[in-house]
2 protein chains.
Amino acid sequence: MNIDALGLVPVTATGEVPLYRQVKRELLRSIETGRCGPGKVLPNETVLAAALEVSVGTLRRATDELVHEHVLVRRQGKGTTVATHTHDRFLFHFFHVEPRPDPLDSDRMPVSHYPVVECMGFDKDKATLIEAAVLWIRAGDPVYRIDNRLKLDGHLVAHDHIVISSVLFKGLTEKRLLDRPSTIYALYQSEFGITVLRAQERARAAGTTRHTARMLGLPVGTPAIEVHRVALTFGDKPVEYRVSTVNTQHHDYVSLLSKRL
Amino acid sequence: MNIDALGLVPVTATGEVPLYRQVKRELLRSIETGRCGPGKVLPNETVLAAALEVSVGTLRRATDELVHEHVLVRRQGKGTTVATHTHDRFLFHFFHVEPRPDPLDSDRMPVSHYPVVECMGFDKDKATLIEAAVLWIRAGDPVYRIDNRLKLDGHLVAHDHIVISSVLFKGLTEKRLLDRPSTIYALYQSEFGITVLRAQERARAAGTTRHTARMLGLPVGTPAIEVHRVALTFGDKPVEYRVSTVNTQHHDYVSLLSKRL
DNA sequence: CCCAATTTGTTCGTATGTATA
DNA sequence: TTATACATACGAACAAATTGG
C-alpha cells in the first residue's frame, strides 16, 4: 500500500483533542473514503507516523484503539491490515447463539460448529415506517427483504428477517446472495464496500407466529427470543435491520461480555 | 495507601511473559489478598513503578488494562483507586434491562430510572446438583436463596432468584440484605469482601410459571426471557448464580456491546 | 481568586526483542 | 540468514485536572 494513496494529512496539536484521537480519525477517514479498503496492508508504523507528523508511540496508541474496535488487525512481523469479515473472529462477533452446555459438566464446552444458512426468500419491497426510521431512509423507499433460516448442529435455531436499503445495495440479486462464499457481512463488504463495524441488539420474548413456527419446526406460540439488530458502519450509520427469532430449545442467546472481553 | 502495605515484589524480565503482564498480576494479587481493598487510593505511578522496579510507562500499560477491566479507576489529578460497586458505572454494567424505545422517534432515548428492588423471599437451603456445579460447591452444601422483584418506571420488569454459598457469605441475614444502601454487589463487596468483576449470561425464552407469573403480574405462560447469570470474582471464581425472568412487554434485554464499547 | 503541590494524561524519542517471510 | 515490521521497555518533558492553602 502506497503512503501517498492514503491521502493522510498531518495532524496538529489543538490543545483540545489529543493527537492520537486525530490520528485515529485520519486513519478512519482514509478507510471510510475507500482510499484504503479492507484487506489492504498499511505502510509500516515509521512511515505512517512520519506522514502524520507524529511519533511512533502516538501512532501506536491510535492503532491500538482501532485494533480493539476490530477496524485494524496487527500481526507482528507481517504488518497492519484493514480488517475484513473473512477473519473468523468476526463471524462470532455478530453471531450470539450457542448450544446450551450441560451445567453438570461445564468443563467441556460444546463445540459450536459453523451455522448453515438457508435462504427462504428474497424480495424487493418498500420500507415500512419503522424500518425507514431505523435505516435513516423514508417510508416507502425500496428495500430488499431476505428471509434466512439457520441450522446449527442439525437443529433449526433461528429465522432471520433482514431488511436493507436497495439504494445502498444496488444490484443485489438472489443469485449473488446465494453464491456468497462467506458470511453476509463479508458480502456487504466485498461486493458493496460496506463494512459492518458494530451492531446494536435488543432482545425480547415472543411466541412464534405461524410463519416463524413453520420455519423453526416448532408449534405456534412457542416462547422464542426475538432479537432486533441494527448493524452500523462508520459514523454509526445504520445499514441493516434484522429481526431474528431464536429457537432456544437447545441453544442460548449469549450476551457478548460473557465471551471474555 | 502505604506502598509497603501492598506487599508488592519487584518483577523480573523472563523473556516469556511481558513485564507489564507480571505487573498486572502483582497488582491483582495485592487486591485479591485484601492488602489493598476497594476504594483505596494507590500510591502514585512513580512510587508504584519504583516498588515494582519497572518504568512508569510499563506500569501504566498494566494499569491501563486493569482500568479497561474495571478493576481500577484512574482520575487525573486525584489518583488511582481500586474500583467499588458504588461507582454508578457498575450498576448498569450488570443491569441489562431497558425500557423499549419508540422506533419511530429514536432520537429521544427513554431515560432509565434506577430499578426499585423488592425482596420477596429469603431462605437458607441446600444447593441442587446444578447450583453446586455452577458455584463450585457440593450438592447439598448450604446456600442462601433470595427472591427479588424489580420495578422500573412503575412496571414490574424482572424476578430474580439468587443463589449464593452461605459459607462464602456467612452471616448474611434478611435484615442486612434489606438494609443495604446500594446494590447487592456493593453489599457483597463492603460486607463480605467479595468483588464481582464480570458475569457470564445466557438467555433463553420461557413461558412464565405460576410463581414468576404472579411475581410479574402476568398470565401464566406469557413468553419471557430467562437470563442465567454466573457472577465471577478474581480468577473467574463463581460467587453467585442468578436466574432472572424478564418481562419484555415494555422492556428489552440489551446485549452489552450495544452500549457502545 | 489565585497559587502551588500532587497526580494522571499526552507526546516524544530511542533501544532492543521477536515473529514473519 | 537477512530484512522487515510489530512488540516491549525505558526515560524525559510538558499539559491538564484536582486539591488545599
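Order of the sequence lines fixes the chain letters, A, B, ..., with proteins taken first and strands second; residue numbering starts at 1 for each chain.
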From CG of A:Leu59 over to P of D:dA5, roughly how many Å is that when rounded to an integer? 14 Å

Length of the line joining A:Asn44:CG and C:dT20:P, which is rounded to integer Å: 18 Å

Can you check whether A:Arg74 has a side-chain N or O nearer than 4.0 Å to OP1 or OP2 of D:dA5? no

Expressed in angstrom and rounded to an integer, what is the separation of B:Arg75 atom CZ from D:dT18 atom C1'? 10 Å

Can you name the side-chain hydrogen bond (donor to acceptor under 3.5 Å, both in side chains) partners of B:Ser55, sequence neighbours left out? B:Thr58

Side chain to side chain contact (heavy atoms under 4.5 Å, CB included) test vs B:Leu72 passes for just one of B:Ile31, B:Leu28, B:Thr81, namely B:Ile31

Using the 3.5 Å cut-off, write out each protein N or O paired with an N or O of nucleotides 14-16 of chain C and the distance between them.
none

Can any side-chain N or O of B:Arg176 pair as donor or acceptor with the backbone N or O of B:Gly171 at less than 3.5 Å? yes

Got a salt bridge between B:Glu26 and B:Arg29, using NZ or NE/NH1/NH2 to carboxylate O under 4.0 Å? yes

Round to a whole Å and report the spacing from NZ of A:Lys78 to P of D:dC6. 12 Å

What is the distance from CG of B:Asp64 to P of C:dT8, rounded to the nearest Å? 12 Å

Yes or no on side chain to side chain donor-acceptor pair (under 3.5 Å) for A:Glu240 and A:Tyr185, after CA distance, side-chain angles and deciding distance? CA-CA 10 Å; A:Glu240 179 204 77; A:Tyr185 288 168; 2.7 Å; yes

For atom CD of A:Gln76 and atom P of C:dA19, their distance in whole Å: 6 Å

OP1 or OP2 of D:dT8 versus the side-chain N and O atoms of B:Tyr20: is any pair under 4.0 Å? yes

Any side-chain N or O of A:Thr58 under 4.0 Å from OP1/OP2 of C:dC12? yes

With a 4.5 Å cut-off on side-chain heavy atoms, are B:Arg61 and B:Val23 touching? no

Is there a donor in the side chain of A:Tyr253 and an acceptor in the side chain of B:Glu201, or the other way round, less than 3.5 Å apart? no

Given D:dC6, C:dT8, C:dT10, the nucleotide with the shortest approach to the side chain of A:Thr80: D:dC6

Measure from CZ on B:Arg21 to P on D:dA9 and round the result to the nearest Å. 10 Å

From the options D:dC6, C:dT11, C:dT8, select the nucleotide whose nearest atom is closest to the side chain of A:Arg60. D:dC6

Closest-nucleotide ordering on DNA chain D, the 5'-leading residue of A:Leu42 and B:Val54: A:Leu42

For the pair made of CG in A:Leu72 and C1' in D:dA5, what is the distance, rounded to whole Å? 15 Å

Picking from D:dC6, D:dA9, C:dG13, the nucleotide nearest the side-chain atoms of A:Ser55 would be C:dG13

